[in-house]
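The model shown is predicted, which means the values in this text are computed figures rather than measured ones. Below, read A as the first sequence line, B as the second, and so on, with proteins coming before strands; counting in each chain starts at 1.
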Amino acid sequence: MIRSQLKNVLDACFEEGITEGLWSDKATGKFTVELPKHEGQGDFSTNFALVLAGIEKKNPREIAGQISAKLTKVTELVERVDVAGPGFVNVFVKPQVWCALIPQILDTAEQFGTSDVGARRKVIVEFVSANPTGPLSIGHGRQAVLGDSIARLLEVTGHDVFREYYYNDAGRQMRVLGESTRARYLELIGAPFEFPEDGYQGEYIIDIAKSLVEEHGDSLKDYQDVSPFKKQAEQFIFNDISGTLARMGIKFDNYYNEQSLYTDGHIDDVVNELRQKGLVYEKDNATWFKTTDLGQEQDRVIIKSSGEPTYRLPDIAYHREKFRRNFDWLIDIFGSDHIATVPDVLSGVSALGYDPSKVTVVLHQFVTLTRDGKQVKMSTRKANFVTVDELIDEVGVDPVRFFFMMRKADSQLEFDLDLATKQSQENPVYYVQYGFARLCAILRQAEEKGVAIPDFSDVDSSLLVEPEELNLLKTMSGFPQVIESSALDLAPHKVIFYLMELAGQLHSYYNKHKVLTDNVPLSGARLCLIRAIQVVLKNGLNMVGISAPERM
RNA sequence: GCACCCGUAGCUCAGCUGGAUAGAGCACCGGACUUCGAAUCCGGGUGUCGCAGGUUCGAAUCCUGCCGGGUGUACCA
């Protein structure tokens, strides 16, 4: 936030230089204010001189001198300006400017870090979308956390967020599920049975079959229709899935059933509309979507010769419905194995007259589990756990969420079970949470000692002079920016990295400087600082759905 | 074959959309609790940023071509 203040100042100096004839306006919007990597390069630096020198064909050091003379005059913000290297202008900000951040944080409290950049844009985030054929797997877990955190971040940055789970309870998969359940049922009551070839092998099918035996005895024995089996399975599995999601603190605004696309006629609509545009034709008894007309390499089947649509058609119809429901931004979280649908859906909606640039697809790579330094094989067999529930049982909700967010979506994610279960030093979740708990402990201690936490207006903030204190303030001033960019980039991992950084600075500070001392004014100032850090850590954790425990 | 993603320290990964001397965690070694919680801190790094070109004041970052890995490329979802 101080960075943007400085940018405004720099822009003003730039304008001033134009009227003075020092340079033209060609560089408008080209230069930036950055955070230098190394000590001694100031609190902020700007490439102003380098950019202008390139455009104006002048000596960068000369321009650097001119701009730094102007910046130096802004005494309420700037302490000192250096010109370094090829022409970087390094700005040192007055310590009081950093300290002024404390009351801002304390006053805005849980609002600190929120913004309205979203301008109440309506955004729909579709994620998980697993069909109810079994418990959520590790891959779904990553997607669930990713989608939910993205949704949370969009919410705090001023978007109107709608979370949706898309599923299909018809189709082949579900039929096989029903048949598997029936087979287990017949097995349980001792009747002859035949397990379907691609049937679902999991234990949970047996549990479902047991429930049917309890409810109906053997009265379903001669039932030819699979639907009672299917229905029971679906209900059980959905219960299981939503239970898992609830454990992770995830709620959906809507579960969208693919079936409704058929019953409401949207599937036929889409085909007809595409046909009218000359983008649909029949060949080999199937119906094809002429995607070669839309820049793709080959045409795609949308209705099989059996009369059943392929997955593409409902996907396109579903996205069209999202557009028709007036969302401004459509975000899909998919596993990378679904990448093939993306071009088809985008071609489809764009052929139907909607703007494909309003669709953003976040593709995440796979998750592997490691234990004892070795990869855990993820077979459908038992022995090794593969469900999110089992993962949560072993490591806890917060570590699960945290670890799933530690990597950007593009990267494969290695989930280190040994690290996640350690309640110590190495575990980054506890590292951050412990930072928060520690601050709570200090404040409890203050209360016990009868030390009042002063109002910031009664505090002499010039007492906060330690480098660790100023660094903490600098880091905290970047928090709103971090939240905004991780929201707009749909990249929660940035928040995680930020929190580790902030917690690290806090722990260093804690070990070097004591907050509660006999020096009352100093303790007062530090207590205010402590409370500010507490706010930022808590907000950061909560914004990505992780708890901030006061004691651990 | 084609499309997308990845290739950065022993391992797992960041790197703010082009900036200065490339970072963190883990692992390993050595230190710090009569003091606000040691789930913490302090010290210890000799990396061809996969390779080769190109763009420019400047490239891990952008472009092209290779190499290696993953995923997809169905009338499966």
| request: Would you tell me if any nitrogen or oxygen in the side chain of A/Lys408 comes within less than 4.0 Å of OP1 or OP2 on B/G15? | output: yes

| task | Compute whether any side-chain donor of one residue and acceptor of the other, for A/Tyr430 and A/Asp398, lie under 3.5 angstrom apart. | result | no

| Dot-bracket line, read 5' to 3' along RNA chain B, where crossing pairs take [ ] and | marks a partner on another strand, Watson-Crick or G-U under 3.5 Å | (((((((..((((.....[...)))).(((((.......))))).....(((((..]....))))))))))))....

| request: Please answer whether the main-chain N or O of A/Arg312 pairs with a side-chain N or O of A/Asp344 as donor and acceptor at a distance below 3.5 Å. | output: no

| Check: A/Tyr167/A/Glu258 side-chain N/O donor and acceptor closer than 3.5 Å | no

| field | Pair A/Arg275-A/Thr287, side-chain donor/acceptor within less than 3.5 Å | value | no

| Does the side chain of A/Glu56 come under 3.5 Å of the side chain of A/Ser24 through a donor N or O and an acceptor N or O? | yes

| message | Would you say A/Asp332 and A/His338 are linked by a side-chain donor-acceptor pair, where the criterion is simply a distance under 3.5 Å? | response | no

| request: Provide the distance between the two C1' atoms, one in B/A22 and one in B/U8, to the nearest whole Å. | output: 8 Å

| Rounded distance in Å between the C1' positions of B/U21 and B/G65 | 32 Å

| query | Nucleotide by nucleotide, 5' to 3', does protein get under 4.0 Å of the base (B), only the sugar-phosphate (S), or neither (-) in nucleotides 54-63 of chain B, counting heavy atoms? | reply | ----------

| field | Short side-chain donor-acceptor distance under 3.5 Å, A/Thr475 and A/Gln505 | value | yes

| said: Taking the nucleotide of RNA chain B with the nearest heavy atom to each, does A/Arg172 or A/Arg3 sit closer to the 5' end? | reply: A/Arg3

| query | Counting any heavy atom closer than 4.0 Å, what does A/Asn47 reach on the DNA or RNA strands: base, sugar-phosphate only, or nothing? | reply | base

| task | Ignoring backbone atoms, test whether A/Lys304 places a side-chain nitrogen or oxygen under 4.0 Å from the OP1 or OP2 oxygen of B/A74. | result | no

| query | In terms of side-chain heavy atoms of A/Val301, which of B/C75, B/C4, B/C41 is nearest? | reply | B/C75

| field | Stacked pair A/Phe366-B/G70, distance under 5.5 Å, angle under 30° | value | no

| Around atom CD of A/Glu447, are there more than 12 heavy atoms of other residues, nucleotides or ligands at under 6.0 Å? | no

| request: Go through the N and O atoms of the side chain of A/Ser305 and the base of B/C75, and report whether any donor-acceptor pair is under 3.5 Å. | output: yes

| message | When you measure from the side-chain N and O atoms of A/Tyr498 to the phosphate of B/A24, is any distance below 4.0 Å, counting only OP1 and OP2? | response | no

| said: I want to verify a distance call: between B/C26, B/U71, B/A20, whose nearest atom is closest to the A/Leu419 side chain? | reply: B/C26

| task | Check every atom of B/A14, B/A20, B/C75 against the side chain of A/His493 and return the nucleotide holding the closest atom. | result | B/A14

| request: State whether a side-chain donor-acceptor pair under 3.5 Å links A/Thr291 with A/Ser347. | output: no

